[in-house]
Amino acid sequence: MPEGHTIHRLAAAFDAGFAGQRVRLSSPQGRFETEARRLDGQVLLDVEAVGKHLLLALGPEANLDPLAGSPAVSFVHVHLGLYGSWTFAGDEGFAAAHAIGAPRRRVGETEHAVDDGDAEAGDWRRIVPRETVRLRITGAHGLADLTGPTACEVYDAEQRAALLARLGPDPLRADADPERLFDRVRRSRTGIGALLMNQDVIAGVGNIYRAEALFRARLDPFVPGRDLSRGMVEGIWEDLVPLLAYGARTGRIVTTEPEHRDIEARIIERSRGTRQNGDEDPGVVPREKSFYVYHRHTLPCRLCGTIVRSADVAGRTVFWCPRCQSVRTRRAPWSREHDASAWAYAD
DNA sequence: ACTATATGTCCAC
DNA sequence: TGGACCTATAGTC
């Protein structure tokens, strides 16, 4: 269940584990069999993440430029949707190459083991794929199994270009143009909460980053985009960049500032005027302390204690604090709080 | 064994 | 706006 940070992490894993290699493609499940057969044995020329989309460029020769427009180059386009996942297995070097602080055998989101069949310990070449594996990619030092994707298809260069042109700026891409986000938001009557989930407006943000970014901006999800100042939208963008980067680096979404992680301590602190030492294991923030509002409906807000609300917006649940996120003005009185360097996630 | 749930998207009405 | 789709897992009976 990935947002953009996961896809960029996956791209890094493919790059480290397979790029430049001749790879085998197969489709144990069968639904990608024709395509896998056609591309089997080609060279993985390039790996690219755009928002929640992964693109694997393949060609018959290693020295092809994937972006030069050669018809020999194909792009495997994968979108994980809600349920898709990649499961990795490989030798020591392969695992170490892609697992940036992640579990050794996998980089995808769902924690399921590869079906080992009768594989002897350590021999990833003998791992039998699950029947649901849509695509298996095998390289010299490891393999990756794809299950449950919303999309797994072959694009040509034009289709790839059309995808990139359609998507809004991706906070994790160096070539992102946030002007487009500012324009789209400030022209729209749609609520900012819905806009942030629209991949044509901004690519890679999902339900967690949406809810959390709006809390950090102290912004009501239902405020129309056109009511926001440019500075406010810039602030959201500048906050999302380090937030997503942290997620891509660690594989975990953490949006709470350290001093806000222990709501009970904060309530005591406020009522008694004492300060508790809230230190915890540095490095790993437990899930229940990672978010301000996501999945925290019916629980008290970490900052003000008001019960966090939830509502269905276009089929997805949005979470927000009705007190902290109640501002409905065109100016951003809190805009200086958006100095990204003040947040713990600034690189 | 069954059910509910999930960080997503598309299409028909 | 509602349903379809793709799959694994945690919880319940």
Side-chain angles (χ1 to χ4, degrees), chain A residues 1-10 27-32 49-54 77-88 102-103 105-116 129-136 144-153 155 159 162-163 166-168 170-172 190-191 193-215 221 240 243-256 285 287-288 290-298 310-320:
Chain A
M1 293 157 278
E3 298 191 24
H5 69 298
T6 301
I7 312 309
H8 282 263
R9 198 172 165 73
L10 284 166
S27 180
Q29 178 210 44
R31 287 180 51 181
F32 196 63
V50 200
K52 301 170 188 169
H53 304 256
L54 182 69
H77 169 242
V78 175
H79 193 298
L80 294 178
L82 257 185
Y83 318 116
S85 77
W86 285 99
T87 303
F88 290 76
R105 296 187 64 189
R106 54 170 291 284
V107 168
E109 284 289 295
T110 357
E111 188 83 42
H112 69 78
V114 178
D115 185 346
D116 279 25
R130 292 188 176 203
E131 289 182 4
T132 54
V133 171
R134 180 81 55 88
L135 169 62
R136 166 171 282 194
D145 280 351
L146 170 67
T147 57
T150 280
C152 177
E153 58 203 338
Y155 274 3
Q159 290 171 299
L163 173 69
R166 192 205 99 201
L167 292 171
D170 175 347
L172 288 177
T190 305
L195 286 168
L196 289 182
M197 291 287 279
N198 181 344
Q199 302 299 300
D200 297 357
V201 174
I202 180 169
V205 171
N207 210 13
I208 297 181
Y209 282 121
R210 177 259 294 263
E212 296 296 305
L214 290 177
F215 180 88
L240 280 167
L243 235 35
L244 279 269
Y246 175 91
R249 191 164 68 240
T250 65
R252 311 187 65 246
I253 302 178
V254 177
T255 60
T256 49
V285 181
R287 188 190 166 89
E288 66 272 17
S290 293
F291 309 135
Y292 283 108
V293 289
Y294 178 76
H295 267 197
R296 284 182 51 85
H297 54 309
T298 75
S310 69
D312 190 279
V313 174
R316 308 302 300 281
T317 309
V318 66
F319 305 87
W320 81 103

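Residue numbers begin at 1 in each chain, while the letters A, B, ... track the order of the sequences.
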I need the CZ-P distance between A/Phe319 and B/dA6, as an integer number of Å.
7 Å
Look at A/His79 and B/dT9 and indicate whether a side-chain polar atom (N or O) is within less than 4.0 Å of OP1 or OP2.
yes
Which whole-number value in Å describes the distance from A/Glu3 CD to B/dT7 P?
8 Å
Heavy atoms only: give me the nearest A/Arg134-A/Phe32 pair and the separation to one decimal.
O-CB, 3.6 Å
At less than 4.0 Å, is any side-chain N or O atom of A/Thr132 found next to OP1 or OP2 of C/dA8? Yes or no.
yes
So, is A/Gln199 near the phosphate of B/dG8, with a side-chain N or O under 4.0 Å from OP1 or OP2?
no
Could you work out which one of C/dA8, B/dG8, B/dA6 sits closest to the side chain of A/Thr147?
C/dA8
Pairwise side-chain contact, A/Gln29 with A/Val133, heavy-atom cut-off 4.5 Å (strictly under)
no
Gap in Å between the two C1' atoms, one belonging to C/dT1 and one to B/dT7, rounded:
23 Å
Determine the Euclidean distance between corresponding P atoms of C/dC5 and B/dC13; express it in Å to zero decimal places.
14 Å
Return no unless some side-chain N or O of A/Gln29 is found under 4.0 Å from OP1 or OP2 of C/dT7.
yes
Would you call A/Asp200 and A/Arg166 a salt bridge, using N to O less than 4.0 angstrom?
yes
To the nearest Å, how far apart are A/Asp312 CG and C/dT1 C1'?
10 Å
Are A/Lys52 and B/dT7 close enough that a side-chain N or O sits under 4.0 Å from OP1 or OP2?
no
I'd like to know whether CD of A/Glu288 has more than 12 heavy-atom contacts from other residues, nucleotides or ligands below 6.0 angstrom.
yes
Closest to the side chain of A/Arg130, out of C/dA8, B/dT7, B/dG8, is C/dA8
Using whole Å, report how far CH2 of A/Trp86 lies from P of C/dA8.
14 Å
Ring centres under 6.0 Å, that's the criterion: do A/Tyr246 and A/His5 meet it?
no
Would you indicate what A/Arg287 reaches in the nucleic acid, counting non-hydrogen atoms under 4.0 angstrom: base, sugar-phosphate, or nothing?
base
Would you say A/Arg316 places a side-chain N or O within less than 4.0 Å of OP1 or OP2 belonging to B/dT9?
no
Grab the CE-C1' distance between A/Met197 and B/dT9 for me, whole Å please.
10 Å
When rounded to whole Å, the CG to C1' distance for the pair A/Asn207 and B/dA6 reads 10 Å
If I take atom CZ in residue A/Phe291 and atom C1' in nucleotide B/dT7, what distance separates them, rounded to the nearest angstrom?
8 Å
Please work out if A/His295 contacts a base, only the sugar-phosphate, or nothing of the nucleic acid, heavy-atom cut-off 4.0 Å.
sugar-phosphate
P-based separation of B/dA1 from C/dC6 [nearest Å]:
23 Å
Between A/Leu135 (CG) and C/dC6 (C1'), how many Å, whole number?
15 Å
Selection from B/dT9, C/dC6, B/dA6 that lies nearest to any side-chain heavy atom of A/Tyr294
B/dA6
Checking side chain to side chain contact (heavy atoms under 4.5 Å, CB included) against A/Met197, which of A/Ile202, A/Val318, A/Asn207 comes through?
A/Asn207
